Amino acid sequence: MKQGIHPVSKSTLFTCGSCGTEIAVASTRQAQTTLDVCSNCHPAFTGTALKSVSGSRVDAYNNRFKVR
């Protein structure tokens, strides 16, 4: 590996702006960074985004064309 061409990696504190969760990782960014959302409050990770969907496409088809 060549010397002097790679950025320096240091401990960085990422803070979520929505829920306030702090995540410490090694990064080349500045010492403290703010995130919009994190995995603790993002709807895709918490499961709240999936609650708006009721049933599958197969269920919708069966309900639409069921025999009365």
Side-chain angles (χ1 to χ4, degrees):
M1 194 156 72
K2 291 184 179 179
Q3 298 294 325
I5 62 169
H6 300 285
V8 177
S9 178
K10 54 189 167 229
S11 180
T12 306
L13 185 66
F14 287 92
T15 307
C16 179
S18 304
C19 66
T21 303
E22 295 179 343
I23 304 165
V25 295
S27 177
T28 58
R29 294 186 61 93
Q30 56 193 358
Q32 188 170 0
T33 307
T34 325
L35 303 171
D36 293 335
V37 291
C38 66
S39 60
N40 290 335
C41 59
H42 194 279
F45 290 107
T46 58
T48 56
L50 300 176
K51 291 182 182 175
S52 64
V53 177
S54 60
S56 65
R57 301 286 293 165
V58 175
D59 292 335
Y61 178 84
N62 288 335
N63 288 337
R64 188 176 188 187
F65 296 109
K66 67 182 176 183
V67 179
R68 298 177 198 221

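Bear in mind that the values here come from a model prediction, so they are computed numbers and not experimental data.
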List the atom of [X], the atom of [Y], and the distance in Å for their closest heavy-atom pair.
| X | Y | value |
| --- | --- | --- |
| I5 | K2 | CD1-CB, 3.6 Å |
| T15 | Q32 | OG1-NE2, 3.7 Å |
| C16 | D36 | SG-O, 4.1 Å |

Pairwise distance [atom1]([X]) to [atom2]([Y]) - rounded to 0.5 angstrom:
| X | Y | atom1 | atom2 | result |
| --- | --- | --- | --- | --- |
| L13 | S27 | CG | OG | 11.5 Å |
| N62 | R57 | CG | CZ | 12.0 Å |
| L35 | N40 | CG | CG | 11.0 Å |

